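Here's the structure we're looking at; comments come further down.
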There are 2 protein chains.
Amino acid sequence: MKPPPDSSQDTRQRLLEAAVLLFAQKGFDGVGIREISQKAQANSALVQYYFGSKEGLYLAAMSFLFDQGIDSVAALPAPPSLDEPEAFAKALDCLKGYIHAFLEELFACHDPAKCSRELQSAAHLFWTRELMEPAAGRVDIILGHVRPYADYLAACIRVLRPDLAEDAQFLMGSSIHAQIMFFHRDMSMISLLRGSAYGPQDVGTLATHISDFSLRGLGLGNTLQGVQ
Amino acid sequence: MKPPPDSSQDTRQRLLEAAVLLFAQKGFDGVGIREISQKAQANSALVQYYFGSKEGLYLAAMSFLFDQGIDSVAALPAPPSLDEPEAFAKALDCLKGYIHAFLEELFACHDPAKCSRELQSAAHLFWTRELMEPAAGRVDIILGHVRPYADYLAACIRVLRPDLAEDAQFLMGSSIHAQIMFFHRDMSMISLLRGSAYGPQDVGTLATHISDFSLRGLGLGNTLQGVQ
DNA sequence: TTAGGTTAATCAATCGATTGATTGAGTCAA
DNA sequence: TTGACTCAATCAATCGATTGATTAACCTAA
């Protein structure tokens, strides 16, 4: 009947979440296990107890993020296959939806409020860091995280531009992903250059721009109305 | 007649270059001054002597990179103004040239050979790092480095799409810069996804793709021949 | 029910190593 | 001699990691 005193796994969880947040903010070398355990209100020795080492904690944080993965892509309608009826129109919708969903995910809730998405926001910072220099040995986890995104987009493009070689299709997908991530990654620099940053309230604007720009880029400008 | 014993400024220089290389590779927290001075074949105390502190060395490295700036943008023909004759055609050439030059800069010479561009290559890694989280106090230097790039591209777009509002023009420029930098930043991830990385030998291919994709994206698809 | 034993979980204290920084003596050309 | 330069030695602070002790919950034989 009494309130359960921190069941053991709760402490482990707090350590994991604190690790995600701080590793995302400052990188592996930027935080110490003391700072992490302080934020988690736990003893620093528990890092070794639960995860073996600081690197173990980092790996666990990655796996943790991967497991409770952000399902915005999984939640999207499956992209059509080539022989499907109305495949083209469906792929078009999928592509637009994907761009919007990905952007929304990236810009999700930067509120100080105890939003459950605080972790999500940090998660993408975390992945962005790891993406730039994938340490050997962690490659599988990162690929597992990234692959669904790449595959979804590739599937759309395969239907939209079946005439292109696979190489060319890959380039197209890269151009689209580049834009989506740019507005999130380079938020600070954009803010410096144009005076103000893009925020969650701009996701619609950004998604529309990227969609229009990319559909024209894909050579599908004729399917857009009202644009030169 | 005897070999000149490291003139003082030479040691300082070696420290600076070693700092650029290592900071670029591992980030500020990833390297110690001992490792830096060892690579520079200098005493670690000289970091404090010449630069005051580790952070001073980091700042000096940034300024150093900024000063001996990579002039590929400055070397390009100035983008035309709106009222200039044949402004459109010139802007088109400038844009294409810019994309190619920027890409070539990013992919410049990864050879182990003592290529003077080894620094250049590290430089962009350095800037990429700093771009993601511009530390207060260093903002001016970074802006000074980035501004010419942003301005050049903006000038081109202003001529190519004078009908667009400034906001929309900024979005266009962002979409283009996003692509250029993506293929460099996410080299490792691209390599994992498609099996092999893009290298200096692919600059032409990439530049052509980005140019074509972006010109269509800009709504100038009609100026391209042979593409749907 | 109770006493004794086992376990996982947590803690403060401490380890050796490494960090950035400081010192004071030394070198050498001017 | 002076002043710019360089060095080995050393500083306090912090790093990740280890230790032994403590706690609380559970299990089991009496």
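Atoms considered below: every heavy atom in the structure, side chains included; atoms not considered: hydrogens, waters and symmetry mates. Note that the coordinates shown come from a computational prediction; the quantities given were computed from them, not determined experimentally.
Computed from coordinates, the B:Phe51 CZ to D:dT6 P distance equals 11 Å when rounded to whole Å. At whole-Å resolution of the value, OH in B:Tyr58 and C1' in C:dA21 are 20 Å apart. Going from atom CD of A:Gln13 over to atom P of C:dA9 covers 14 Å, rounded to whole Å. The CG-C1' distance, from A:Asp10 to C:dT10, rounds to 14 Å in whole Å. Atom P of nucleotide D:dC15 and atom NZ of B:Lys54 are separated by 13 Å, given to the nearest angstrom. Taking atom OH of B:Tyr50 as the reference point, atom C1' of D:dA4 lies 8 Å away to the nearest angstrom. Between the C1' atom of C:dC15 and the CZ atom of A:Arg34 lies a distance of 11 Å, rounded to the nearest Å. Here C:dT7 presents its C1' atom at 9 Å from OH of A:Tyr49, a figure rounded to the nearest Å.
Between A:His177 and A:Tyr98, the gap from one ring centroid to the other is short of 6.0 Å.
Across every non-hydrogen atom of A:Ala42 and A:Thr11, the tightest pair is CB-CG2, 3.8 Å. The heavy-atom pair separating A:Met132 from B:Met132 by the smallest distance is SD-SD, 4.0 Å.
Considering only side-chain N and O atoms, B:Thr11 lies nowhere under 4.0 angstrom from the phosphate OP1 or OP2 of D:dC5. Distances shown here put every side-chain N or O of A:Ser44 at or beyond 4.0 Å from the OP1 or OP2 atom of D:dG16. The side chain of A:Gln48 contributes an N or O atom lying less than 4.0 Å from OP1 or OP2 of D:dA17.
Counting distance only, with no hydrogens placed and no angle test, the side-chain atoms of A:Asn43 and the base atoms of C:dA12 include a donor-acceptor pair under 3.5 Å.
Listed nucleotides: C:dA21, C:dT23, C:dT10. Nearest to the side chain of B:Ala45: C:dT23.
Using the six-membered ring where Trp is involved, B:His124 and B:Phe102 have ring planes that are tilted, between 30° and 60° apart.
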